[in-house]
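Lettering follows sequence order; numbering is per chain, from 1. Computed from a predicted model, the values in this text were never measured in an experiment.
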Amino acid sequence: MTNREVAELLRQIAELLEIKGEIVYKSLAYRRAADNIEALGRDIVEVWREGKLRTIPGIGEALAKKLDELFRSGHMEYYERLLEEIPPTLPSLLAIPGVGPKTANLLWRQLGLLTVADVERAARAGQLRDLPGLGVRSEERILEGIESLYRRSERIPLGTAWPIAQELIAALREAVPAVHLETAGSLRRMRDTVGDIDLLAAAEDTEQVAKAFAALPQVAQVLGQGATKASVRLQNGLQVDLRVVETRYWGSALQYFTGSQAHNISLRELAQKQGLSLSEYGYKRGDEEIPCATEEQVYRLLGLEWIPPELREDRGEIEAAQQGQLPHLVAFGDLRGDLHVHSRWSDGASSLEEMVQAAVERGYDYVAVSDHTESLAIANGKNWEGFQEQRREIAQLQARFPQIRILQGAEVEIKADGSLDFPGEMLAQLDIVIASIHSGLRQEEAQITARVIKAMRNPHVDILGHPSGRILGQREASAVNLDQVIQAAAESGTILEINSIPDRLDLDDVYIRQALRKGVKLAINSDAHSTSGLDAVRYGVATARRGWARAEDIVNTMPLEELLTLLLARRG
DNA sequence: GCCGTTTTCGGCCCGACTGTTTTCAGTCG
């Protein structure tokens with residue numbers, strides 16, 4: 001079972017327990033355990049085999065026992081018993097905005113409703129208004145909730161949301177004076193996908209800002225607007241929430257609205273131990289109010305360093321901040337080159353010269369052109385002859401662009417049996433070799449893992465490209481066991497790629513962190529297929545930061561000579 | 001169900017909003 005599957009099971013149990021009416025802390029415990037399993041970065045079944053389940057935060061005696069039964073037998077009796085008590089479809093009602101566990105229970109017990117369609121039918125027939133605690137308004141609200149559920153859009157990739165948010169911020173700045181204006185929520189934490197766009201402003205006249213926001217030309221529909229907030233839907237369907245606070249609350253509010261929720265809960269628990277209560281309005285000690293104008297103040301009052309938003313997921317950052325052990329995270333400006341770009345030689349839209357020119361404009365010291373190889377015919381992959389021809393063009397360009405070093409690379413296909421498109425003596429003539437999988441992604445775990453590791457052990461392979469193969473919103477990661485891939489990388493010295501294409505972001509934050517724990521080196525690559533694609537590294541850097549990466553963990557922050565020495569050493 | 005520089009038992013985050021309520025329960029982020 002994958003970590004995600006185990007986490008999903010625990011979350012289902014949490015929902016069933018809520019509907020059943022168990023004390024809320026029990027379901028909270030299941031959710032916390034689920035979150036921590038998902039953020040583990042290693043195979044939970046492995047942890048179980050080592051007998052170390054209890055070392056995972058949030059897993060105590062009872063959960064360890066249940067998971068042990070699950071991994072041993074494939075069943076969890078507790079879960080199966082719950083499903084006999086509570087109809088399995090009932091948790092689906094919780095997806096209706098406005099319907100929580102109490103209402104779901106009520107709808108089931110009183111009217112026998114089991115699905116969203118059941119609820120819709122009953123609501124339209126006017127059967128909900130007479131239930132205890134509900135009325136006509138509730139019935140309407142539930143119907144509205146069902147309609148919005150049908151319309152509900154998927155989470156959107158960071159790479160889609162981020163530029164839109166920047167554009168809105170610029171437009172709002174133009175329209176109205178605000179002292180502060182920033183993104184908040186999962187967008188500020190740079191999660192790989194976001195549910196909506198959250199913006200936060202501080203101003204003297206809060207209502208003026210909310211009004212100006214609702215009146216922006218990008219806005220298609222105003223969902224709600226008051227003195228301190230506005231919710232809108234954009235022309236492109238995205239929902240954006242803006243909140244406006246007084247300047248003296250800026251720090252407290254920005255901290256609060258950035259989240260994550262788990263991070264905030266842990267922070268408030270810490271505050272509580274120190275006799276303080278923390279909210280978006282700052283601290284309270286008894287009747288004394290302590291608003292914070294900066295985020296630094298929020299953290300400092302608890303004895304913490306300021307925590308970068310990308311780390312705020314309650315994955316140990318608070319403890320690290322307490323001890324002054326937060327990592328100095330890699331930054332955009334640390335990158336000295338890009339090791340994975342394409343050109344018109346394979347499936348790129350820009351010429352080699354245009355790509356080199358664009359890399360120069362970005363201030364890079366080096367760029368590796370890594371076009372596809374022959375068996376990826378769909379991407380116009382080139383044979384060895386093609387690469388030799390390309391080398392002559394690179395030599396000519398190099399003479400014209402002395403300010404940047406142009407490396408010849410290749411994105412070599414890992415074939416179904418783990419062999420590569422080119423033999424060793426050819427690969428040895430390239431400056432850098434990225435090995436990637438683009439086909440046979442459905443192989444089962446053992447096969448695809450062995451295939452990838454075989455390629456990694458090839459001394460001519462420098463980098464493993466987009467290791468999981470996921471495409472956000474379209475394709476799940478392959479079955480490859482990243483635990484074993486990371487272990488193999490640690491042993492062979494293979495560099496793992498953080499592919500920056502917005503719907504890849506692969507490796508993801510969780511496995512980046514695990515790779516770093518094992519001392520594996522990473523490369524933040526754009527995988528650009530046109531000149532503008534080079535800027536995607538912004539998202540790769542953000543993902544690296546979410547994985548706690550420092551500049552020294554990323555090979556393309558190195559000066560050219562150092563990088564070349566590293567590559568040579570690896571090839572022996 | 002978890003967990004311990006106040007605890008191995010008794011706690012477990014905070015505030016806003018809404019609707020159904022005469023003081024609060026449920027939901028949400």
Problem set entry | Pairwise P distance, B/dA16 and B/dT21 [rounded to whole Å] | 24 Å
For this session: May I ask you to evaluate whether A/Lys229 reaches the phosphate of B/dC17, defined as a side-chain N or O under 4.0 Å from OP1 or OP2?
Result: no
Exercise. B/dG19 P sits how many Å from A/Ile142 CD1, rounded?
Worked result: 11 Å
Problem set entry | Separation of atom CD in A/Glu15 from atom P in B/dG1, rounded to whole Å | 17 Å
Problem set entry | Residue pairs involving residues 60-96 of chain A (criterion ring-ring contact (aromatic ring centres under 6.0 Å, His included); sequence neighbours excluded) | A/Trp48-A/Phe71
Exercise. Nearest-Å distance, CD1 (A/Ile23) to P (B/dC12)?
Worked result: 12 Å
Exercise. Considering only heavy atoms, which members of residues 305-323 of chain A lie under 4.0 Å from some atom of DNA chain B?
Worked result: none
Problem set entry | Non-neighbouring partners of A/Arg243 that pass side chain to side chain contact (heavy atoms under 4.5 Å, CB included), sequence neighbours left out | A/Leu200, A/Lys229, A/Phe257
Exercise. What residues in residues 118-135 of chain A put a non-hydrogen atom under 4.0 Å from any atom of DNA chain B?
Worked result: A/Gly133, A/Leu134, A/Gly135
Exercise. Which letter, B, S or -, goes with each nucleotide of nucleotides 2-10 of chain B from 5' to 3', with contact meaning a protein heavy atom under 4.0 Å?
Worked result: SS-------
Exercise. Does A/Ser27 place a side-chain N or O at less than 4.0 Å from the phosphate oxygens OP1/OP2 of B/dG1?
Worked result: no
For this session: Report the distance from atom CG of A/Leu270 to atom CD1 of A/Ile265, rounding to the nearest 0.5 Å.
Result: 14.0 Å
Seminar exercise, completed: Separation of B/dC12 atom P from A/Ile265 atom CD1, nearest Å, is 13 Å
For this session: Mind checking the CG-CD spacing from A/Leu17 to A/Glu85? Nearest 0.5 Å is all I need.
Result: 9.0 Å
Problem set entry | Residue A/Arg137, side-chain atoms from C-beta onward, closest of B/dC14, B/dC12, B/dG19 | B/dG19
For this session: Using only side-chain N and O atoms of A/Tyr283, determine if any of them is under 4.0 Å from OP1 or OP2 of B/dC14.
Result: no
For this session: Grab the CD-P distance between A/Glu144 and B/dC17 for me, whole Å please.
Result: 18 Å
Problem set entry | Distance test, side-chain N/O of A/Tyr25 to OP1/OP2 of B/dG1, below 4.0 Å | no
For this session: Encode nucleotides 22-29 of chain B as B, S and - characters from 5' to 3', where the letter depends on protein heavy atoms closer than 4.0 Å: B to the base, S only to sugar-phosphate, - to neither.
Result: ----SSSB
